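To start, the structure under review is shown below, and the notes come after it.
Bear in mind that the values here come from a model prediction, so they are computed numbers and not experimental data.
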Amino acid sequence: MKVKIIILCNFWLFFLNCKGKHDIIDNSFSKKFNVDKTSLVINSNNEENQTFITGEFKYFSNNYSIKNQIYIKDSIYYYDKNNILFDFSSKKEPGSFTINDSLHLKVSFFNDIISDQNKFRLFKIDNVENYYTLNLTKVYIANYKYGIVGEFIVTKENNEWLITNIIGYFPNNNLFLSKFKKVKLE
């Protein structure tokens, strides 16, 4: 009888450990800091062990509804085994943002920000819109554990970086904004 109980306990522990090895997104971050919801969100469905990127993406005045399953492994968010979305590793490999079957936009490393809350990586998607002669770039503030926590638009004019449309959490605000001029494009 004792042997059966030990075997049953070992099986149960093995089952729990296997289930616990999957990375899931911690959605508590945005609630903790009470920030506005970003246009794209990464959420985990714990019961089915699935993670999705969902929301709206604006690309040259067109709004696209996004709902794609992603996978998280080895410091990288993937669409599948070969299609990187965000690379949090030291390699900082470029990825691809899938809007639909025919539209895939390049995702590149932009910057790392270290704050007292955590380390955040900024990923950019170039040329998502134009403002007169300026090409606008969408930047997502992301953390491996928390997903996308913030976003903004950046552009460069006369060798000066301009930043606008800041939504969500913005880590180390003073340091980062010392490199960018905050503007409102109208």
Going through the checks in order, is the side-chain contact (heavy atoms from CB on, under 4.5 Å) test met by F170 and S115?
CA-CA 10 Å; F170 202 82; S115 76; over 6 Å; no
Heavy-atom check, side chain of [X] versus side chain of [Y], under 4.5 Å:
| X | Y | result |
| --- | --- | --- |
| V154 | F180 | yes |
| I72 | Y77 | yes |
| L105 | K138 | no |
| Y59 | V128 | yes |
| I148 | V41 | no |
| V139 | I163 | no |
| T137 | F110 | no |
| I66 | N68 | yes |

Taking the six-membered ring for Trp, is the centroid-to-centroid distance between F123 and F97 below 6.0 Å?
no
Ring centres under 6.0 Å, that's the criterion: do F120 and Y169 meet it?
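Yes - the distance between ring centres of F120 and Y169 falls below the 6.0 Å cut-off.
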Where is the tightest heavy-atom contact between [X] and [Y], given as atom of each residue plus distance?
| X | Y | answer |
| --- | --- | --- |
| E157 | L162 | OE1-CD1, 3.7 Å |
| D101 | H104 | O-NE2, 3.2 Å |
| L134 | K156 | CD2-O, 3.7 Å |

Set of side chain to side chain contact (heavy atoms under 4.5 Å, CB included) partners for N127, sequence neighbours left out:
N135
Atom [atom1] of [X] and atom [atom2] of [Y]: how far apart are they, to the nearest 0.5 Å?
| X | Y | atom1 | atom2 | result |
| --- | --- | --- | --- | --- |
| I53 | K67 | CD1 | NZ | 13.0 Å |
| I76 | I70 | CD1 | CD1 | 12.5 Å |
| F57 | E151 | CZ | CD | 9.5 Å |
| T164 | F152 | OG1 | CZ | 11.0 Å |
| K106 | K124 | NZ | NZ | 8.0 Å |
| K182 | N165 | NZ | CG | 10.5 Å |

Decide side-chain contact (heavy atoms from CB on, under 4.5 Å) for N130 and F60; before the verdict, give the C-alpha distance in whole Å, the side-chain angles of both, and the deciding distance to 0.1 Å.
CA-CA 7 Å; N130 291 326; F60 286 100; 3.6 Å; yes
Would a single hydrophobic cluster contain both [Y] and [X], if residues Ile, Leu, Val, Met, Phe, Trp and Tyr are joined by side-chain heavy-atom contacts under 4.5 Å?
| X | Y | result |
| --- | --- | --- |
| Y144 | V107 | yes |
| I125 | L40 | yes |
| I166 | I113 | yes |
| Y140 | Y79 | yes |
| I42 | F109 | no |

List the atom pairs, donor and acceptor, that lie under 3.5 Å between side-chain atoms in residues 88-96 and the rest of the protein, sequence neighbours left out.
from	atom 1	to	atom 2	distance (Å)
S89	OG	D87	OD1	2.5
S89	OG	D87	OD2	3.2
S89	OG	K91	N	3.2

Who passes salt bridge (charged side-chain N to carboxylate O under 4.0 Å, His left out) against K37, sequence neighbours left out?
none
